[in-house]
Amino acid sequence: ADEDGWNTWDFILKQDTNSDGLISLEEFKTFALARQKKLESIFDSIDKDGNGYLEEKDIEQALIQYGLKATKSKIHQFLETLDENKDGKISFREFQELTMLFPRIEVDQILSSAINDLDFANNGIPKTDAKNMKPLNVFLSGGVAGLISRTSTAPADRIKIMMQAGGKNAKIGTVIRDILAEGGPMAFWRGNGANVIKIMPESAAKFYCYEFFKKKIIRDPTDVQIQERLLSGSLAGMTAQTAIYPMEVIKTRLAVSPPGTYTSIPNAFTKIVSGEGFGALYKGLGASNIGIIPYAGVDLAVYGTVKDMWVKKHPNCTPAWYETLCMGAFSSFVGQVVAYPLQLMRTKLQSSGLPGRPVYGGMSDVIRDVLKEEGFLGFYRGIGPNFMKGIPAVAIGYLSYEKAKEFFSRVLP
C-alpha cells in the first residue's frame, strides 16, 4: 500500500468490471490501453524538448512546474531507477514498465513518490531475465566469456603452470626468462590454441549446467539458499570439467613439455594415446573433479549471492561494468583459496613422466612428495601467478558473460 492506503492488488481488482472475481483478457486489455494513453500524455508533458526521452533537465523543470523540490542526488537516483539500459535517459518503454501498475498516475504524484524515496519496484511490472536465460543464449554467452577471458590472461596462465610443474626451485623471474628464451613474447601464448578450444565449450557448459541444475535444485527462486547455489555450481563445474578433460591434459602437456615434444594439438593427442594409452587423457581427473567441486561451487555461489545482494539494494538497476568485475574478482579469490591445493596436484599428475618431471602413481604420491619437499605451503606454490591470472580471468569472464547475454538477447529470436 502507498502512503494514502492504496494497494496495487486492490487497484487491479477494481478493473473487474463485471464483478465475477476474475479479470478477463478483455478487461485487462481495456485497462492497459487506457493506462498507456494516460502514460503517454504524462510522458509528453515532462518531455519538454520532445526528443522522446526524459533527461535530468526535464525532471528539474517538471519539479519546478509542480512546486516540488528535490536534490540533484535524488533526481539522479530517480533516473537511475528507471534507466534500465544505462544510457543516461529514460525511454517511454522504461517509464511505462515502472508506472503501468501505479494505483494513481499524475505527474506530481509520480515525482512526489521519487522525492519521498518510495520503492518504485513494488508497483512496477516485474523484471524478468527469461530471454537472457534461454539455453542457446546462456551457452553462447558462456563460450564467448571463455574465449575472451582466457586469451587475455594466457601469459599469466603459462607462468602459473610452469611454476606448478617445476617444484620448489621454480621462481617467477626464472620462469619468465625461460619462456622468453623459448620464442620471445609470443611464447607466452604457447598452448593457448588448445586452451581456447578447451575453455570455450567448458565455459559454455559450465554456465549452461549451472542454470540447468539451479532450476532442478532451487526450491524457491525468490529466496535462493547458499547451499543450493553451492550444489548447483559444484555439479555444473564437475560436469563441464569431465566433458572437456582430455583437452585440459593436452593443454598442460603443450605448456610444460620441452619445445619440439609436440607440434600441434592433434600431434599431442596422437602421441599421448599411442605412447601411454587412452586413459592418459584422463590422468588426474579424480583430483581435478575433487578440486573443481569446491572451486566452481564457491565461485558461482559467491558471485550469484553478491550479485543478488546488489540487485536487492538497487532494484531495477544493472551493475556497472566495474561492479561486475569486482564481483567476479571477489568470487574467484575465495574459490581459489579453497581449491588451489587440488589444482596443483592435478597439474603435477598431468605432467607426470615428462622429461625432467617426477613420476606419480596417484594423488597420495603427490601429497607425500609435496609435504616432504616443501611442507604444507608447497600446496600453494604458484598461487601468486594463479591470482594474477585467475582473478582477472574470472572477472573478465563474468563481465563478458553478462554483456554477451545482453547482446544475444537482442539478436537471437
Side-chain angles (χ1 to χ4, degrees), residues 143-203 244-273 275-276 280-281 283-284 288 325 328-329 332 336 340 343-344 346-358 378 380-397 399-400:
V144 169
L147 169 66
I148 295 173
S149 66
R150 287 302 184 256
T151 299
S152 62
T153 57
D157 187 42
R158 178 109 202 267
I159 294 170
K160 178 207 72 172
I161 291 175
M162 294 292 287
M163 289 191 70
Q164 285 179 332
K168 64 180 180 180
N169 295 321
K171 305 295 182 184
I172 187 168
T174 304
V175 168
I176 292 173
R177 285 193 296 271
D178 289 345
I179 293 173
L180 287 170
E182 283 182 16
M186 290 307 298
F188 285 101
W189 277 269
R190 182 180 167 203
N192 191 53
N195 202 10
V196 168
I197 292 173
K198 169 251 177 185
I199 200 62
M200 285 187 70
E202 180 186 18
S203 180
I244 55 77
Y245 193 74
M247 281 306 305
E248 176 71 23
V249 173
I250 292 172
K251 182 205 78 169
T252 300
R253 293 290 186 95
L254 287 169
V256 305
S257 60
T261 304
Y262 306 111
T263 58
S264 64
I265 295 172
N267 177 258
F269 176 85
T270 302
K271 282 189 174 182
I272 292 170
V273 173
E276 306 172 53
L281 293 173
K283 187 179 291 186
S288 184
L325 279 177
S332 175
Q336 286 184 59
Y340 187 80
Q343 293 178 9
L344 180 133
R346 178 197 67 186
T347 300
K348 286 184 176 292
L349 285 169
Q350 288 173 342
S351 60
S352 173
L354 289 174
R357 310 291 183 188
Y380 285 92
R381 173 164 295 281
I383 197 170
N386 199 59
F387 281 149
M388 289 168 55
K389 168 257 178 181
I391 290 177
V394 173
I396 292 169
L399 177 62
S400 302

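In what follows, every heavy atom counts, from backbone to side chain, and hydrogens, waters and symmetry copies are set aside.
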Set of side chain to side chain contact (heavy atoms under 4.5 Å, CB included) partners for P201, sequence neighbours left out:
I244

Has the side chain of K348 got a donor or acceptor atom that lies under 3.5 Å from a matching backbone atom of P358?
no

Residue pairs passing the salt bridge (Lys or Arg N to Asp or Glu O under 4.0 Å) test where at least one lies in residues 253-262, sequence neighbours excluded:
R253-E276

Test of understanding: with side chain to side chain contact (heavy atoms under 4.5 Å, CB included), list the residues that count as partners of T270, not counting sequence neighbours.
none

Partners passing salt bridge (charged side-chain N to carboxylate O under 4.0 Å, His left out) against E248 (at least two apart in sequence or in another chain):
K198, K251, R346

Looking at every non-hydrogen atom in both residues, tell me the closest pair between A280 and I272 and how far apart they are.
CB-CG2, 3.7 Å

I need the minimum non-hydrogen distance between A329 and A395, along with the two atoms involved.
N-CB, 3.7 Å

Please list, chain by chain and in numerical order, all residues satisfying side chain to side chain donor-acceptor pair (under 3.5 Å) with R158, sequence neighbours excluded.
E182

With S203 via side chain to side chain donor-acceptor pair (under 3.5 Å) - residues at least two apart
none

Side chain to side chain contact (heavy atoms under 4.5 Å, CB included) involving I148 - partner list, sequence neighbours excluded
V144, I396, S400

Closest non-hydrogen atom pair between T153 and S149, with its separation:
OG1-O, 2.8 Å

What is the minimum heavy-atom distance between K283 and V249, and which atoms define it?
O-CG2, 4.1 Å

Got a second to check how far I176's CD1 is from F188's CZ, nearest 0.5 Å?
5.5 Å

OG1 (T151) and CE (M200) are apart, to the nearest 0.5 Å, by 9.0 Å

Partners meeting ring-ring contact (aromatic ring centres under 6.0 Å, His included) with F387 (sequence neighbours left out)
F333

Heavy-atom closest pair, residues M247 and I265
CE-CG2, 4.2 Å

Sequence neighbours excluded, which residues qualify as side chain to side chain contact (heavy atoms under 4.5 Å, CB included) partners of S264?
P266, N267

Kindly give the heavy-atom pair with the smallest separation between Y262 and L254, and that separation in Å.
CB-CD2, 3.7 Å

Rounded distance (nearest 0.5 Å) linking atom CD1 of I179 with atom CZ of R190
9.5 Å

Just to verify, what does S332 make a side chain to side chain donor-acceptor pair (under 3.5 Å) with, not counting sequence neighbours?
Q336

